[in-house]
Amino acid sequence: METERIAIEGMHCANCSALIQKMVGKMDGVESCEVNLAANNGTVEFDPEVTNMPAVIETIVDLGYGATVIPREGRAAFDEERRAREAAQHAYDLRMFVMALVLAALVMIIGMTPLGMTLTMPLANAIFGPDHTHDQMMLVMNLVCMVLTIPVQFVAGRRFYRGAWGALKARSANMDTLVAVGTTIAFAYSLYVTFSPTTAGKMAPFETSAMLIAFVLLGKMLEARAKGRAGEAVESLMSLAPKVAHVHRGDELLDVSTDDLRVGDVVDVRPGERVPVDGVVVQGTSSVDESMLTGEPMPQEKAPGDEVTGATINGNGTLTVRATRVGAESTLSRIVEMVEKAQGSRPQIQQLADRIAGVFVPTILCIGLLTFIGWLIAAAMGDGIDAASFEHALMAGVSVVVVACPCALGLATPTAVMVGTGRGAEQGILIKDGDALQQAGRVRKVVFDKTGTLTQGMPMVVAIACGDDASEEDVVRFAGALERGSEHPLARAVLMYAAEHDVAIPNGMVSDFEARTGRGVVGCVDGERFGFGNELLVRELTGAELPAWCREFAQDGKGAHATVMYLVFEAYGVAGAIAAADQPKPSAAEGVAMLRDLGCDVYLLTGDARGPASHAAAEVGIDEGNVLAEVLPDQKAQTVATLLDPAHEELVAMVGDGINDTPALATADLGIAMGAGSDAALEVGQVVLMHDDVRDVARAIRLSRATMRKIRQNFAWALGYNLLLIPLAAFGILPPELSSACMALSSVSVVTNSLLLRRVRL
């Protein structure tokens, strides 16, 4: 199977997207088709041996919509062309609306105000003479209104006929059907009033169809503008990628489009420019701002051999970078694709809207017909059916057809999902699909992996003790001399502490250096033999047990919950001790507190012994009863499974830091991966926290709850609007003109309500 994304133009309501899904989904070889009304795109999964994308595009075009495959490469040029087409369409829609509004206003002035007779009097005099009758005057006024309405009906309103015809060919109906039917009936009745002898002297209601179309066009313009704002997050992400790169080709340095870059190309990144590719620095040093990826505000120093990520910002030096990933394979492109996929996905709650949309338009047409018949029956049972009662019945039926709004129903979920996932992406919270967005809000238990998730993933010096003949500086200096050049985490902790506290490490060579597995290291400096290691190394070098002060430091003091290493001189014994521990992330305690405020139980899952695990839990605010310690890696998934709710009422989220936690992440109801943009994090979990911030777990849950709240509000508005206004229209309380204005504003209100998610405090 292959999967392609399609840009779709011309959709107006939920029935449009449902129609495309239905017709493409019925094609041989198509496994699935999902269409997003708010994003104006779709995703098709198909068997390339049975069908192909040109056939899919042809099917969509035959329905009356525009469709183009979204390319994986050359995306920037495609989006620029698409934005140009959308801008041209918006300009065209604006011209049509202005024309419709002006002509509709003239029709209303002529047909509904005394000024109309004054304006048309010269024409009536020219045709029938100054002694014309009242009926002749009305005929002239009707003819003028007809001429003014025809461009509105068949030029500005052509889009509705085209959409209705496409739906009719597929034996379906959509919002265009409602508008086309309603305005055509109103226009046809106005023609009847104009030319029928039985209605001579009566003013034809041409303003009804003209104002209907003008208001609907206004609503569609406002809706398109609001939908465009809903997709701003993806555009802002894509705008981070530079369009031009300085590439070494032979002996020349050329400026080429980033779309033309290849793996292995060598590019120069000048000060202040964005890095155009994912790659490795081959020359130069500089600081790089990676905040768009990691959320870390401090620039990171880069030197030859270091990796850089596309769209990060180079600092004050020039870097030469060899490309390792370009185009669709780059980190930024994968993030954009992930966000777009999430925005185009359909959460389970959308199924309700889909079921309603499937029967909405036919039901409304039936209600409109029954309204018309009902008013005629009521008139027949009263004073009889005359021209006035017939017109009243007809206008009530038209009002029902026009006031109904499937658009609001269709936009209720996708616009909220678009804005919600976009807001998350701006905050470094990548939610992979609509179901994950929906599930996150129902999480009531959050299980954290310890190392690298709640903690920083590397030990840091937390305490130093020394004997009578040494100072803390001496202990660090000699331990650092032995550990210089080592990649062991404890060695890095000692050297980092020395650098932070300006402790000078001796430059002399360590002779007779020896690494003793499981114990430590030994060597000589200036003829003095000493070692740095654990209790076993102390016994080997001195033949004696640890001094009392060392035991107190390791068991009861600051080293009780840390790994303790001893600096021991073969000649006279232990000179000092250094305790190093994996410290909680600065955001861990606050993140746990935020989750508890949201009503979530927080658990710690680790393979560590009970003592260190309990100490780490206490530091970040996790209850002792929620510490799941001494759990082997292959048992983590089983442990998470014991927390699951069989009824799926209270969901469990597992938070891990990459590929090692995959089984547990998959077992939980919601897998959340923390990885600061690592490949593993992008592949694992339904939610990816780019900034490696524990607080983002709570923010993701808040975002989900806020988004689901907006979806429910949108549904309540869309259903409530139709349930309230359709009866008002049926009972003749709402005239067609006002009905069209209400319909136009209903979908705009849904999109606007979704846009308020951008202001939600996370």
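For the single chain, residues carry numbers from 1 onward in sequence order. Keep in mind that this is a model prediction, so the values were computed, not measured.
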[X] (side chain) donor-acceptor with [Y] (main chain) under 3.5 angstrom:
X      : Y      : result
Gln686 : Lys432 : no
Thr707 : Ala416 : no
Ser286 : Gly317 : yes
Asn753 : Val750 : no
Lys169 : Asp62  : yes
Thr453 : Lys450 : no
Glu45  : Ser32  : no

Residue pair [X] / [Y]: nearest heavy atoms and the distance that separates them:
X      : Y      : answer
Ile711 : Thr413 : CG2-OG1, 3.7 Å
Ile57  : Ile6   : CD1-CG2, 3.9 Å
Leu757 : Arg423 : O-NH1, 3.2 Å
Val326 : Leu261 : CG2-O, 3.6 Å
Ala245 : Val267 : CB-CG1, 4.4 Å
Ala412 : Asn714 : O-ND2, 3.0 Å

Kindly state each residue pair satisfying salt bridge (charged side-chain N to carboxylate O under 4.0 Å, His left out) with at least one member in [range], sequence neighbours excluded.
range            : result
residues 695-706 : Glu590-Arg695, Asp693-Arg695, Asp693-Arg699, Asp696-Arg699
residues 274-286 : Asp278-Arg325
residues 6-21    : Glu9-Arg85

Separation between [atom1] of [X] and [atom2] of [Y], rounded to the nearest 0.5 Å:
X      : Y      : atom1 : atom2 : answer
Glu290 : Thr309 : CD    : OG1   : 5.5 Å
Lys22  : Cys33  : NZ    : SG    : 13.5 Å
Met460 : Thr455 : CE    : OG1   : 11.5 Å
Asn36  : Arg5   : CG    : CZ    : 9.5 Å
Asn41  : Met11  : CG    : CE    : 7.0 Å
His246 : Arg270 : NE2   : CZ    : 3.5 Å

So, do [X] and [Y] sit near enough that their side-chain heavy atoms are less than 4.5 Å apart?
X      : Y      : value
Thr285 : Glu301 : no
Leu94  : His90  : no
Thr667 : Met654 : no
Asp669 : Val443 : no
Leu319 : Val288 : yes
Leu703 : Ile431 : yes
Leu454 : Pro584 : no
Leu689 : Ile429 : yes

Hey, is [atom1] on [X] packed in by over 12 heavy atoms from elsewhere, all under 6.0 Å?
X      : atom1 : value
Asp28  : CG    : no
Glu329 : CD    : no
Lys243 : NZ    : no

**Request:** Go through the steps to decide whether Arg159 and Met96 satisfy the test side-chain contact (heavy atoms from CB on, under 4.5 Å), and finish with yes or no.
**Result:** CA-CA 11 Å; Arg159 59 184 290 178; Met96 290 298 101; over 6 Å; no

**Asked** Are Leu430 and Val339 close enough, and set up right, to give a side-chain contact (heavy atoms from CB on, under 4.5 Å), and what steps lead you there?
**Response** CA-CA 7 Å; Leu430 303 184; Val339 175; 3.9 Å; yes

**Item:** Ser330-Ser333 side chain donor-acceptor pair, cut-off 3.5 Å
**Value:** yes

**Prompt:** Can you find a side-chain donor-acceptor pair between Thr318 and Asp268 that sits under 3.5 Å?
**Reply:** no

**Message:** Pair Asp265, Arg249 - check salt bridge (Lys or Arg N to Asp or Glu O under 4.0 Å), show working.
**Reply:** CA-CA 8 Å; Asp265 277 343; Arg249 295 279 168 84; 3.0 Å; yes

**Request:** Carefully, step by step, assess Glu31 and Asp47 under the rule side-chain contact (heavy atoms from CB on, under 4.5 Å).
**Result:** CA-CA 7 Å; Glu31 179 70 17; Asp47 184 348; over 6 Å; no

**Trace of the side-chain contact (heavy atoms from CB on, under 4.5 Å) decision for Thr258 with Val277** = CA-CA 8 Å; Thr258 51; Val277 293; over 6 Å; no

**Complete:** Test side chain to side chain contact (heavy atoms under 4.5 Å, CB included), reference Thr51, set Val24, Val30, Val44, Thr59, output is Val30

